[in-house]
Amino acid sequence: MKKILLLALVVLSTFCTAQADLTETVVLQNDFEKGETLFEPVSRISVSNKMSSDIGSKVVHFRTDYNSINGYSFATVHFGSKTAGARKVKIEFDFYMDEVNPNYAQYFTIRDGNAVPEFGKTVYSDGGAFFYLGECRSGQGVNYWSINGDYTSKDTKSYFNKWLHVMVLVDVKGKSVDYTITTKDRGIVLNEAKEIPFANKRAMSCSQIDFFADVNSTDAYFDNLVITKYSDPSSVPTSYNVTFKDKDGAVLKPKMVYFCNVGETFMANELDLNTFFNKDGNVKYIYKSGNIPGVAVRSGRENNINLVFDAHHQIDYSVKAMKGTEELGIAATGKGYIDGTSIAAWNKYIKHNGMWYETVAPYSKYVDSEVSEVQYRDAYIEYFFECEDLTMSHAAAATEIHSGYSGSQAPRHYGYTTPDGVVTTSYWSTPALERGGIFTMKIPYTRSSKTNSTINICIQTPDGEIKDTGRTLTSVAQEGLFKVDNLEIPDGCALVLYNKVGKNSNIYMDYIALSRK
């Protein structure tokens, strides 16, 4: 047995004098000398037991994969059955982290494994945590040591590339956390705080420790885990089940088991109520009923919450483009659900028998049937080009949905100057217009920056020469419609939108419509 564990038990007994009204039980203790790891690798990580040359004993070693930055590395250990019904849970362990690039993150997290994360965080990140510590992404180009996302410590030499010890006391009922971080020998206190409110108020138990990272090929180490449960002497630990069934009572997925004390009230949490899909992904199950709050857990019987879900089957839908009773074609097709979440979108313009037709906003709707209709009218335009179909130099770096005009993809038109001053031009060109003339041109746009951008309107002759018309498009608003009257394009020439000044225009353009004067 390691000496450090003996010291931990001395600290434990001293600490527990403050918990005199509670029963103290060490529910999990491991110095990893027998080769265990406890942690389960979940994503892009290897977990092993190895001898540490720093401290001369075996430890848990985390090694993130080379492609961690393309997703995340994650490993976890569950202990919810051991801390069931606890009023408080104390977790102590030693850890070691390499200092890494400040653009990335790595940290240990203590959480309720069943709680739904708040703040839009993923369950594999820091959302829903009682407590997390490590190097958390600052976005400021500086390495910060972070506790619960507080980027105040630049003194990274005190925290990285060395062994430290942490003690975290989770008050499950009071929903607060105390912690102390020290050097491994407990000689120097580096940071401590008391009664920090839970980040996730929905958390009901202390049941999980995670290691999370989104940095390539880095190392972290973990050792000397001690988990202590503090419970009311009169409490009787038990559990309850949450089941998932359809309206006919058929089981849709395995039940969830939660731990608590007899007499406590119980209910399903928000994660249990989430929509889910069948194995093939073509049936969506949406919660309907069954979550009755305030039911007390009883002993000597099985306690169940039976959730009922409605089944929504995926359909193939189509939207017909109509002019009165005349069918012009199919405006949209796809797969979706009639549940108020699937959206069918169509273009503003459609071509039928050589003629262009247009519809008015909105250019989408929720799917409500397998077949539906949308009305179009004469558009009085001669040429129409979706911008994603144009010939491009320096093809668009990104696209976005331009729902304001047609609901279709709008590629980005851009040009730029390299750091060494080389001007890079960009242009888009339409096919040659067989029959030229004087046109009115309309182009819906958005822009990705607040600064105005200008694009030159040019003509490409049949022999390939690009001639500037002397006219420009300038984005004077974040979103708008370029409109140019009396634009002359000779027979056999192509329209060219040309950025020749080397400035990043960052304009997303949807389509080009040419109407004859």
Side-chain angles (χ1 to χ4, degrees), residues 42 76 78 80-81 83-85 111-124 127-128 172-173 175 198-208 235-317 334-344 365-372:
V42 177
T76 187
H78 305 276
S81 61
T83 55
R111 71 169 73 247
D112 177 350
N114 294 314
V116 180
E118 294 178 346
F119 317 121
K121 304 282 188 182
T122 164
V123 293
Y124 297 131
V172 178
K173 302 304 178 184
K175 295 188 179 295
F198 280 7
N200 192 332
K201 301 300 187 297
R202 301 185 183 98
M204 300 170 61
S205 64
C206 182
S207 60
Q208 187 170 313
S235 64
V236 178
T238 187
S239 64
Y240 63 92
N241 306 314
V242 176
T243 65
F244 307 86
K245 301 179 180 180
D246 65 16
K247 60 183 178 61
D248 298 319
V251 175
L252 302 176
K253 66 177 181 177
K255 66 182 180 182
M256 293 293 296
V257 180
Y258 297 96
F259 300 96
C260 59
N261 291 320
V262 171
E264 292 180 345
T265 58
F266 66 103
M267 62 184 297
N269 64 35
E270 291 190 21
L271 192 61
D272 296 324
L273 306 180
N274 281 354
T275 296
F276 62 95
F277 294 83
N278 69 340
K279 180 178 62 176
D280 296 328
N282 58 6
V283 182
K284 179 190 292 188
Y285 295 102
I286 300 177
Y287 169 72
K288 181 180 180 181
S289 63
N291 191 24
I292 304 173
V295 179
V297 181
R298 289 180 280 181
S299 61
R301 59 162 293 173
E302 190 175 72
N303 297 281
N304 290 322
I305 297 176
N306 299 311
L307 302 181
V308 178
F309 288 76
D310 281 337
H312 295 263
H313 294 264
Q314 188 180 69
I315 64 168
D316 293 307
Y317 67 84
K335 295 181 180 295
Y337 298 88
I338 304 176
D339 65 351
T341 62
S342 298
I343 296 177
K365 70 171 185 176
Y366 288 112
V367 174
D368 55 11
S369 60
E370 291 186 353
V371 180
S372 59

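Predicted model, so just to flag it, every value in this text is computed and none were measured.
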*Taking all heavy atoms of G281 and all of Q314, pick out the closest pair and write down the distance.*
O-NE2, 4.4 Å
_Side-chain (T83) to main-chain (C206) donor-acceptor, under 3.5 angstrom_ = yes
*Closest approach of S342 and G336, non-hydrogen atoms and distance?*
OG-CA, 3.4 Å
_Interatomic spacing from OH in Y240 to NZ in K255 - rounded to 0.5 Å_ = 13.5 Å
*Working to the nearest 0.5 Å, report the span between OG of S205 and NZ of K173.*
9.0 Å
*Output the distance between atom OG1 (T275) and atom CZ (F309), rounded to the nearest 0.5 Å.*
7.5 Å
*Set of side-chain contact (heavy atoms from CB on, under 4.5 Å) partners for D316, sequence neighbours left out*: K335
*I305 pairs by side chain to side chain contact (heavy atoms under 4.5 Å, CB included) with which of N291, T243, I292?*
N291
*Which heavy atom of A268 sits nearest a heavy atom of L307, and at what distance?*
CB-CD1, 4.0 Å
_For the CD1 atom of I338 and the CD1 atom of I315, what is their distance to the nearest 0.5 Å?_
3.5 Å
*Does D248 offer a backbone N or O that forms a donor-acceptor pair with the side chain of D246 under 3.5 Å?*
yes
*Pairing residues for K284 by the side-chain hydrogen bond (donor to acceptor under 3.5 Å, both in side chains) criterion, not counting sequence neighbours*: D339, T341
_Whether over 12 other heavy atoms sit under 6.0 Å from F276 CZ_ = yes
*Do I286 and Y337 have side chains that get closer than 4.5 Å, going by heavy atoms?*
no
_Reported OH-to-OG distance for the pair Y258 and S239, which is rounded to 0.5 angstrom_ = 12.0 Å
*List in chain and number order the residues that pass side-chain contact (heavy atoms from CB on, under 4.5 Å) with N278, two or more places apart in sequence or in another chain; answer none if no residue qualifies.*
D280, N282, V283, Y285
*Evaluate side chain to side chain contact (heavy atoms under 4.5 Å, CB included) for Y287 paired with D272, printing each intermediate quantity in order.*
CA-CA 9 Å; Y287 169 72; D272 296 324; over 6 Å; no
_Is it the case that atom NZ in K253 sees more than 12 heavy atoms from other parts of the structure closer than 6.0 Å?_
yes
*Can you tell me how far the OH atom of Y317 sits from the CG atom of D368, to the nearest 0.5 Å?*
11.5 Å
